[in-house]
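For the single chain, residues carry numbers from 1 onward in sequence order.
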Amino acid sequence: MTLTEILPTLRSSLPAHLEAGVWPVTARWGDGGDLQVGGVSLAAVAAEHGTPAFVVDEADVRGRCRDYAAAFGAADVAYTGKALLSIDVARWVAAEGLGLYAGSAGEVRVAALAGFDMSRVVLYGSAKTPEDLDTAYAAGVGTVVVESLGEIARIAATAPAGQRVLVRVLAGPEPAGGHDRRFGLRVAGGEAAAAVARIAAQPGLRLAGFDCSIGHQLNRFSLYEQEIRRLCAFAAEMRRAHGIEPEQINLGGGHAVAYRPAELGLALEAFATRMRGVLRLEAGRHGMPAPRLTVSPGRAVVARAGVTVYRVLAVTRTPDGDRLVAVDGGMSDCPATALCGSRHSAVLVGRAGRAIAGPAVVVGRHNDADDVVVPDAKLPADVHPGDLLAVAGTGAYHHARATNFHLVARPALVAVADGRAQGPGPPGVPR
């Protein structure tokens, strides 16, 4: 029997439990129900920067980078910037020795401003603009990912001599339900083989290997194992046809993270060990040297590090008795609930609340049926307008996809570490 079961009144004075793996590694309860991340009071962040406010924990990001470096080797990990990229985040990733997947000229510029080793930067994207390519070449980006047949001639005509390229290969079957709209070169039908032949015929390009992306929020090893088998079979075929020895196979990202206490992430060390073993086995089976195995996680590095602070604007009940707690954000800053399948956790910040009174639906301010921030938050019975809420797991795809929907200003992005908070950078360049 727990202490709160023996003394039920104690439950109302205790803050909610912060589940490890869901909240940032430095998240701690302070006095009076205040929540601290990186040693910084979230109530103080709200007072200084307003709400909503994105808070990202430097220690958590760096810790996840170190986890990946320990599992795969830092030289074989590149962070995918589309999840969240600012000057600070790029600087942390670079300091931990990881590479970077950049999807635009803007992301390349942020990497350069952060002092990134640009030879560790990979430019990818299904529809690269001339600006994307020119910016990448000027910055000295090390690798470009080829994702369509049509862009090969353009890259060959504009890239520096000896430009290193990877081919984005779609080796597996179409997703269930049809409508395969993925970009990349399909093995079925011969697109991928045609791309390799065209690159091999360009003396200014160096085909270094193959790249893939097989999905999102995946924790089953078998899906990655199947992809390695398909890629090795394709690589062996290209080796026979063109004499090309692939240096690298990039398995992409898509690694699952836990947004709720009951959810499972990816068992990283076991995953790395298993994938390296499968790659060695499959390469040997085809009589070729094993390429380097690389990964490019995004969400798995930054999701847990992010917390969004909101202020409650209204509380009401539906005819069915459900509590609706409306906050001063929503679709403009929390698109991942609808777009990325994430279901977040929330807690009251800044005061002790009464005992939990069943789930509440945290909704946004945009008067839309899809404007749901947390569908079933466990909040105190006395939550009311003016209260602060903290929502966990918002490091990935929230700030990156935030908009000025309904002409609402985008929230500040505040980096926290060792009791210090670093606010937004210059307009248009997220610090």
[Y] and [X], any side-chain heavy atoms less than 4.5 Å apart:
X    : Y    : value
F210 : L166 : no
R230 : V187 : no
V372 : P375 : yes
H17  : P261 : no
L379 : V325 : yes
V416 : V56  : no
L123 : T135 : no
R410 : S332 : no

D88 versus S86, side-chain donor and acceptor atoms under 3.5 Å: no
Residues D34 and S41: side-chain donor-acceptor under 3.5 angstrom: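 A donor-acceptor contact under 3.5 Å links the two side chains.
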Over all heavy atoms of both residues, which pair between [X] and [Y] is shortest? Give the atoms and the distance, please.
X    : Y    : answer
C65  : V301 : SG-CG1, 4.0 Å
L185 : E147 : CD2-C, 3.5 Å
L348 : L389 : CA-CD2, 4.0 Å
V77  : R120 : O-NH2, 3.6 Å
D370 : D368 : N-OD1, 2.8 Å
P52  : P411 : O-CB, 3.2 Å

Any side-chain to backbone donor/acceptor pair from [X] onto [Y]? Under 3.5 Å, distance only.
X    : Y    : answer
R164 : L205 : no
S126 : F183 : no
R64  : A300 : yes
S296 : Y79  : no
T26  : G38  : yes
R239 : G287 : yes
W23  : G393 : no
T403 : F405 : yes
D134 : E131 : no

Residues D376, R343; criterion salt bridge (charged side-chain N to carboxylate O under 4.0 Å, His left out); working and verdict: CA-CA 9 Å; D376 53 357; R343 293 169 62 86; 3.5 Å; yes
Residues E191, L149; criterion side-chain contact (heavy atoms from CB on, under 4.5 Å); working and verdict: CA-CA 7 Å; E191 268 190 328; L149 283 171; 4.2 Å; yes
Less than 6.0 angstrom separating the ring centers of [X] and [Y], yes or no?
X    : Y    : value
Y224 : F271 : yes
Y68  : H255 : yes
H398 : H344 : yes

salt_bridge(R240, E237) N-O dist < 4.0 Å: no
Salt bridge present between R260 and E263 (N-O < 4.0 angstrom):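 Salt bridge: no.
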Sequence neighbours excluded - salt bridge (Lys or Arg N to Asp or Glu O under 4.0 Å) pairs with any residue from residues 193-220: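 For residues 193-220, and leaving out neighbouring residues, the salt bridge (Lys or Arg N to Asp or Glu O under 4.0 Å) pairs sorted by first residue read R168-D211, R206-E247.
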Separation between [atom1] of [X] and [atom2] of [Y], rounded to the nearest 0.5 Å:
X    : Y    : atom1 : atom2 : value
E58  : W92  : CD    : CH2   : 5.0 Å
I244 : L207 : CD1   : CG    : 4.5 Å
F72  : E269 : CZ    : CD    : 10.5 Å
D387 : Y310 : CG    : OH    : 16.0 Å
Q163 : T143 : CD    : OG1   : 7.0 Å
N250 : Q248 : CG    : CD    : 6.0 Å

From CA spacing to verdict: side-chain contact (heavy atoms from CB on, under 4.5 Å), L231, I249: CA-CA 8 Å; L231 288 172; I249 284 180; 3.7 Å; yes
Stepwise side-chain contact (heavy atoms from CB on, under 4.5 Å) test for Q422 and V414: CA-CA 6 Å; Q422 178 69 57; V414 182; 6.0 Å; no
Contacts of type ring pair (Phe, Tyr, Trp, His ring centres under 6.0 Å), residue F116, not counting sequence neighbours: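 Ring pair (Phe, Tyr, Trp, His ring centres under 6.0 Å) check on F116 returns nothing, list empty.
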The single option from D67, D57, D60 passing salt bridge (charged side-chain N to carboxylate O under 4.0 Å, His left out) against R304: D60
CG/D31: more than 12 non-hydrogen atoms of other groups inside 6.0 Å: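 No, CG of D31 has 12 or fewer neighbouring heavy atoms, counting only those of other groups under 6.0 Å.
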Criterion salt bridge (charged side-chain N to carboxylate O under 4.0 Å, His left out) on R292 and D76, from CA distance to verdict: CA-CA 8 Å; R292 287 172 49 216; D76 292 330; 2.7 Å; yes
side-chain hydrogen bond (donor to acceptor under 3.5 Å, both in side chains) contacts in which one or both residues fall within residues 150-162, not counting sequence neighbours: K128-E151, Y137-T158
Parallel, tilted or perpendicular: ring planes of Y124 versus Y101, cut at 30 and 60 degrees: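 Aromatic pair Y124/Y101 classed tilted.
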Intermediate values then yes/no, side-chain contact (heavy atoms from CB on, under 4.5 Å), V145 and V165: CA-CA 6 Å; V145 179; V165 298; over 6 Å; no
